[in-house]
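Reviewing the structure listed below.
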Amino acid sequence: AQSVSQHNHHVILSEAASLELGCNYSYGGTVNLFWYVQYPGQHLQLLLKYFSGDPLVKGIKGFEAEFIKSKFSFNLRKPSVQWSDTAEYFCAVKKNYGQNFVFGPGTRLSVLP
Amino acid sequence: NAGVTQTPKFQVLKTGQSMTLQCAQDMNHNSMYWYRQDPGMGLRLIYYSASEGTTDKGEVPNGYNVSRLNKREFSLRLESAAPSQTSVYFCASSEGAGTNEQYFGPGTRLTVT
């Protein structure tokens with residue numbers, strides 16, 4: 001079965017530190033990849049997505065992610081985090097056909113002011 | 001546009017009680033989804049509806065039923081609630097199959113005692 005893993009359960013950073021959150025998936029075919037963010041008490045919002053083309057995709061709020069097909073990875077990065085980035089981050093994978101999205105377990109990011 | 005709306009926001013049930021969670025979207029999307037979110041497990045798909053008139057099981061359908069009432073509305077029913085169904089439930093919608101992202105509602109926090 002297709003699965004999505006996220007390397008870190010909880011990451012704690014100081015403001016201005018760089019961020020990288022890992023995401024790996026197990027499906028071998030063509031996939032669409034997403035990162036969602038859930039701020040405290042809010043619903044999930046899309047940060048960025050990859051469908052095809054340039055494997056480095058840029059999203060909102062200064063986030064970017066790189067798709068490395070050979071490693072089945074789609075890691076999320078931000079060069080300098082802010083306190084307002086404190087949230088839970090979910091990686092999601094969708095096969096290029098069909099309806100099902102598969103979400104990773106999430107990584108909680110705490111940014112200390 | 002309100003996007004995806006869910007009612008109620010909070011609910012407490014006793015074991016064995018039944019209830020229906022309501023979801024509506026005003027984006028004219030074809031596909032709708034129900035997820036449950038549990039700590040450390042990310043989002044797991046309960047049921048989805050690829051288009052009006054169709055529904056399919058997701059990863060964790062047991063104990064739930066759904067109805068795609070029309071294109072806008074997709075309800076989730078718990079016939080006989082169990083403590084294991086204590087969770088946060090999210091409804092989502094997307095334009096359809098393919099590369100479309102999902103848009104999420106604000107969630108319903110359900111506690112079964």
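Residue numbering restarts at 1 for every chain, and letters A, B, ... go by the order of the sequence lines.
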For B:S80 against B:G16, the heavy-atom pair lying closest together: OG-CA, 3.5 Å
Contact class of A:Q6 relative to chain B, heavy atoms under 4.5 angstrom: neither
Path from B:V4 to A:V37 over hydrophobic side-chain contacts below 4.5 Å: no
Residue A:L44 versus chain B: region with a heavy atom under 4.5 Å: both
Segment of B:E59 engaging chain A (4.5 angstrom heavy-atom cut-off): neither
Test log, rule salt bridge (charged side-chain N to carboxylate O under 4.0 Å, His left out), inputs A:D85 and A:K61: CA-CA 9 Å; A:D85 293 324; A:K61 306 188 180 188; over 6 Å; no
Ring centroid separation A:F101 to A:Y36 under 6.0 Å: no
Shortest non-hydrogen contact from B:K71 toward B:R68: O-NH2, 2.8 Å
Sorted by number, residues from residues 103-113 of chain A in contact with chain B (heavy atoms, under 4.5 Å): A:F103, A:G104, A:P105
Cation-pi check, A:K78 onto A:F63 ring (under 6.0 Å, within 45° of axis): yes
Parallel, tilted or perpendicular: rings of B:F104 and B:F90 (30°, 60°): perpendicular
